[in-house]
Amino acid sequence: MEFRSTRSAEPLVSFKDAVLRCLPPDGGLYIPASVTDMRQFFLYMDEDTSYPELVATVAPSLLQGELNPFSAARVAESAFDFEPELKILDDSLSVLNLYNGPTGVFKDFGIAFLAAIMEELIKNNGRAMILCAARSGGTGASIAHSFYKRKGMTAVILYPAGTVHGLDPALFVPQGGNILPIQIEGNFDDCQQLIRNAIHDRPFAERYSITSANAINVGRLLPQAFYYLYAFVKIKKKLCGDLSFSVPSGNFGNLIAGLYAWKFGMPVNGFIAAMNTNNAFGEYIRGEKFVPRPVVSTISPALDVSNPANYSRLAAFYQESPAVMQNMVFPEVIDDGTTIAAMEQAWKDYGIILDPHGAVAFAAAKRCLGSRDFGGHVVVMATGHPAKYADLVFKVTGQRVEVPENIAALQNEVDPVAVIPPSLDSLQAAIASCC
Ligand SMILES: *Cc1c(COP(=O)(O)O)cnc(C)c1O
């Protein structure tokens, strides 16, 4: 599989180049230039297939010529000591728990694969430095967990004051580790802009082999298609009609990964783009012009996004097949009150505990299933661990969720290795002095 920029059909680059450069020089984002039909690899897979087995089978055929089956098995084993978990609730509804990774969010799946495959891609000659902007404890901790001790790699985490928690100082560069947290005197957008600038300064980026581990890296996006295939493999024998996925959507990385799973040949009828009140993007999906609106704070904060980072990827998809898109992606808007009611209903009717993000997807799935022209089976993507919302869960359901150690550790304060203003010069100086 080769990759191209969202802005032009040429040039084509390898997976390795797309991952290690992250951003095409023309300012677009990398997307697959053509897509392989993978049906022969997963249609007949046994439903007992483990997640690493599925990844080790699918990834090398997807990345033919760049990843052989032996390397793929090694990558899958070293990335995943956790698995998605499909719970079938009844004939029309399942929940795919994606929160069993080190930091309790589905993003662990993309980050863990990216770290493992990068180590494989550079193993003969190289080193790489990944830059990542973090605005919450989760992403920074997930990066630290997945990249720690990876050979030849340094992970630089940029974040605004007070946002990142739960990094173990023993992993930091001054202590002999390879994780470098740098606090930026600015906001999250400043952090993201700094990363783009650092990558586009080619001489500096090449000196340190800099790439990004944010969701803009296609090496994080692509592996997210694997858990859709996994859900399909687990449920296919029980299906007797349509299959859809309900995806809580903020930056739309998760949903786009689902669209790729469809392009790889997964039989699926549609995707519900479950949004909270920050739903301007839904109008775009319905075919109107996209006009971002100011962000509103909700109880599902990971969905509080006004201008999704993957906009250009979705737009590229639309260009290729507009009719298909409009008949495959169904936007639904779920407000906070409906989210709370869904948490309560999921517990009362099915005995499952959802975090607010999973509840947005659950509510959207229920609404669709209740409408006349929607049928079949819906898989709800439970993207976040309910223990992160233990107080809210208790208030709504009366249930006390046990907080696992890894989730509790995400509260710990972090002392950054450096605090710098949001300028490229300062970032480059900080990197040069530490690495
Ligand atoms: C990031 C996140 C989302 C949104 O995923 P996108 O790929 O940005 O659409 C949903 N739920 C949780 C818990 C998240 O952390």
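Atoms within a ligand are numbered from 1 in the order they appear, just like the ligands themselves.
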query = Phe82 and Tyr51: aromatic ring centres closer than 6.0 Å?
reply =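 Here the rings of Tyr51 and Phe82 have centres that are no less than 6.0 Å from each other.
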Side-chain donor-acceptor pairs of residues 241-259 under 3.5 Å, sequence neighbours excluded:
from   : atom 1 : to     : atom 2 : distance (Å)
Asp242 : OD1    : Asn269 : ND2    : 3.2
Ser246 : OG     : Ala361 : O      : 2.8
Ser249 : OG     : Val247 : O      : 3.0
Asn251 : OD1    : Ala309 : N      : 2.9
Asn254 : OD1    : Tyr227 : OH     : 2.7
Asn254 : OD1    : Tyr228 : OH     : 3.2

query = Taking the six-membered ring of Tyr350 as reference, does the NZ or CZ atom of Lys87 fall below 6.0 Å from its centre and within a 45° cone about the axis?
reply =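 Verdict for Tyr350: no cation-pi partner in Lys87.
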task = Measure the acute angle between the ring planes of Tyr311 and Tyr284, then classify it against the limits of 30° and 60° as parallel, tilted or perpendicular.
result =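 Correct class here is tilted.
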inquiry  = Closer than 3.5 angstrom, by distance alone: can the side chain of Arg220 be matched with the main-chain N or O of Phe113 as a donor-acceptor pair?
reply    =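 Pair absent, no side-chain N/O of Arg220 close to backbone of Phe113.
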query = ligand 1: which residues have a non-hydrogen atom closer than 4.0 Å?
reply =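 Only Val105, Phe106, Lys107, Pro248, Ser249, Gly250, Asn251, Phe252, Gly253, Asn254, Ala302, Leu303, His357, Thr383, Gly384 have heavy atoms that fall under 4.0 Å of ligand 1, ordered by chain and number.
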query = Any Lys/Arg nitrogen of Arg4 or Glu320 sitting under 4.0 Å from an Asp/Glu carboxylate oxygen of the other?
reply =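 Yes, this pair counts.
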